[in-house]
Amino acid sequence: MIRRVLPHGMGRGLLTRRPGTRRGGFSLDWDGKVSEIKKKIKSILPGRSCDLLQDTSHLPPEHSDVVIVGGGVLGLSVAYWLKKLESRRGAIRVLVVERDHTYSQASTGLSVGGICQQFSLPENIQLSLFSASFLRNINVVPGRSRCSSPGPPVQPLGLPLAGFRKGCCSHGEQRESAEEGAKVSLMSPDQLRNKFPWINTEGVALASYGMEDEGWFDPWCLLQGLRRKVQSLGVLFCQGEVTRFVSSSQRMLTTDDKAVVLKRIHEVHVKMDRSLEYQPVECAIVINAAGAWSAQIAALAGVGEGPPGTLQGTKLPVEPRKRYVYVWHCPQGPGLETPLVADTSGAYFRREGLGSNYLGGRSPTEQEEPDPANLEVDHDFFQDKVWPHLALRVPAFETLKVQSAWAGYYDYNTFDQNGVVGPHPLVVNMYFATGFSGHGLQQAPGIGRAVAEMVLKGRFQTIDLSPFLFTRFYLGEKIQENNII
């Protein structure tokens, strides 16, 4: 543990009178005195380097009510709602631990930023509707650039940016979307061709078209806006990596006389960036929002340590899956009215800015899954697996030219590709916000509120996300979502 240390006898040299203060008022003049103090210490301890005075401002606090592991949009959303819903200002101390404050490999910044309500599960529809409302009503000052306004700034979602999927939404799914409040209509191939003459409707039986609250936003602006907002609400940040949990255990008997071990985390060890040192943080609650690496964090807490087939032996089935995003230029491509298009082949695209640029990609099959060990881009994947589908659906894309590309990670739930939300049944003070397999960013505002409600109220209130609880993995109860890109 690192503590702030003031060498004996050196205190007087740090205190200086501040001009204009009353008699006896002092302030720290650290920058002006530190060099002189080090010289004095060296003269006292000749031949020894001066390591006694260390800046500890980068360290996390020794105590925090809630520690959130992961500082992406999901973790920040949980922090935001914990502070917004707390009983009084400052009632809850929240610490966010993020190992990379540049977010260079974070899923948030590498996302396409799409948002839609065209899901088959009611919970996913409700989450996206909540997020659309959150993004529309967020604290943005009109007339300012999208990244300069106070609060969490985003690019507004307009009706011209409505998205559609071709041939992947049944009448039943459209009815489900409508019942949950999403405005979606089915279009025949002729209607589709009349509205979007640039599209080839070959092989299309129906097109599902989102009438409003669909499109895309700037993930980086949302990330930075939320980060600034939660800091203004008093949330603390630390750059480091969680390497250990200190827990206590209690053996309990279930109603059918089976023994289970309940664990409670009391302390989180945070390894400091580029250092062998760590700082212990006492806490009451841990939020696992570590994205693609959330299974590793869960394992540190003992999740999955038990006989196979038991609740104790059930692991968090989330792993990193690499996805490519390609940017191309096509002067003859679709115009400004182009929505976010998701084809039945799995290929998708949207416009990027006003300069005839587009971005998109396609999720690989299980057999095509790339090695997630790095974020190198496979350009042959675009040539062989993406471009043919794009050119078939939009003939103008025959002449496209790829400009750039990048790769990012999905926090992929191998069980049913849906999120994990709420407490672990045995590690009783660890809560999950992970595993959304590509749609976590667009649903982050609703997920964050749901987790905060569970922490503060003990139940979901705004949206019932009980089907997303961890226990479904042990029970084998998959919740199937048909519309995952």
message: Whether K322 engages the ring of Y410 as a cation-pi pair (distance to the six-membered ring centre under 6.0 angstrom, angle to the ring normal within 45°) should be assessed.
response: no
task: For side chain to side chain contact (heavy atoms under 4.5 Å, CB included), just list the numbers for R323 and Y409, CA-CA rounded to whole Å, side-chain angles, deciding distance to a tenth of an Å, and then say yes or no.
output: CA-CA 6 Å; R323 295 292 180 264; Y409 290 116; over 6 Å; no
Check: Y103/R227 side-chain N/O donor and acceptor closer than 3.5 Å: yes
field: I115 vs L340 side-chain heavy atoms within contact, under 4.5 Å
entry: no
- request: Verify side-chain hydrogen bond (donor to acceptor under 3.5 Å, both in side chains) between H389 and D343, making sure each step is shown before the conclusion.
  value: CA-CA 8 Å; H389 297 293; D343 189 56; 5.0 Å; no
query: Would a line drawn from the ring center of Y324 to the ring center of W406 be shorter than 6.0 Å?
result: no
field: E368 with K385: basic N within carboxylate O range, under 4.0 Å
entry: yes
message: Could you tell me if the side chain of L316 sits less than 4.5 Å from the side chain of S294, heavy atoms only?
response: yes
query: Distance only, no hydrogens: is a donor on one side chain within 3.5 Å (strictly under) of an acceptor on the other, for Q442 and S131?
result: no
query: Hey, is the main chain of T310 close enough, under 3.5 Å, to the side chain of T314 for a donor-acceptor pair?
result: yes
- prompt: Do the side chains of F245 and K263 get nearer than 4.5 Å, heavy atoms only?
  reply: no
Lys/Arg-Asp/Glu bridge criterion (N-O < 4.0 Å) met for E337, R351: no
- prompt: Among side-chain atoms of N374 and D371, is any donor-acceptor pair under 3.5 angstrom?
  reply: no
- prompt: Does E376 CD have over 12 foreign heavy atoms under 6.0 Å away?
  reply: no
query: When the ring centroid of Y326 is compared with that of Y358, is the distance short of 6.0 Å?
result: no
- request: Check whether any side-chain heavy atom of V184 sits under 4.5 Å from a side-chain heavy atom of Y209, and report yes or no.
  value: no
- prompt: Is a side-chain donor or acceptor of H329 paired with a backbone partner of G355 at a separation under 3.5 angstrom?
  reply: yes
task: Output, in order, the C-alpha distance, side-chain angles, deciding distance and verdict of side chain to side chain contact (heavy atoms under 4.5 Å, CB included) for V451 and V421.
output: CA-CA 7 Å; V451 174; V421 182; 3.7 Å; yes
message: Do the side chains of R350 and E352 get close enough for a salt bridge, i.e. N-O under 4.0 angstrom?
response: yes
message: Quick check against the 3.5 Å criterion: does N429 have a side-chain atom that pairs as donor or acceptor with the backbone of A284?
response: yes
message: Is the shortest side-chain heavy-atom distance between P339 and F196 below 4.5 Å?
response: yes
message: Tell me which one of V97, V286, N288 satisfies side-chain contact (heavy atoms from CB on, under 4.5 Å) with V242.
response: V97
- prompt: Are any of the side-chain heavy atoms of F415 and R472 separated by less than 4.5 Å?
  reply: yes
query: Between C238 and V270, what is the shortest heavy-atom contact and its length?
result: SG-CG1, 4.0 Å
field: Heavy-atom donor-acceptor pair, S77 side chain to A444 backbone, under 3.5 Å
entry: yes
- request: Mind running side-chain hydrogen bond (donor to acceptor under 3.5 Å, both in side chains) on S466 and D464 for me, showing each step along the way?
  value: CA-CA 6 Å; S466 299; D464 183 7; 2.5 Å; yes
query: Below 6.0 angstrom between ring centroids: does that apply to W328 and F382?
result: yes
Side-chain donor-acceptor contact under 3.5 Å, T414 with E319: no
message: Check for me whether the distance between the ring centres of F468 and F432 falls short of 6.0 Å.
response: no
message: Looking at L475, I'd like to know if its CG atom is crowded, meaning that more than 12 non-hydrogen atoms belonging to other residues, nucleotides or ligands lie closer than 6.0 Å.
response: yes
- prompt: Given R93 and S64, is the side-chain hydrogen bond (donor to acceptor under 3.5 Å, both in side chains) satisfied, shown in steps?
  reply: CA-CA 5 Å; R93 194 177 206 186; S64 183; 5.6 Å; no
- request: Tell me yes or no: between the side chains of E481 and N418, is some donor less than 3.5 Å from an acceptor?
  value: no
task: For R362 and S345, indicate whether the former's side chain and the latter's backbone hold a donor-acceptor pair under 3.5 Å.
output: yes
query: Would a 4.5 Å heavy-atom cut-off, applied to side chains only, mark V394 and N200 as touching?
result: no
query: Is there a side-chain contact between I265 and V427 (heavy atoms, below 4.5 Å)?
result: yes
message: For L85 and K457: C-alpha separation, side-chain torsions, deciding distance, then whether side chain to side chain contact (heavy atoms under 4.5 Å, CB included) applies.
response: CA-CA 10 Å; L85 299 177; K457 308 294 184 181; 5.9 Å; no
field: Side-chain donor-acceptor pair present, R193, T201, cut-off under 3.5 Å
entry: yes
Test log, rule side chain to side chain contact (heavy atoms under 4.5 Å, CB included), inputs Y348 and V341: CA-CA 5 Å; Y348 68 90; V341 179; over 6 Å; no
task: Count the heavy atoms of every other residue, nucleotide or ligand shown that sit under 6.0 Å from NZ of K315, and state whether that count exceeds 12.
output: no
field: Ring centers of H439, F119 separated by less than 6.0 Å
entry: yes
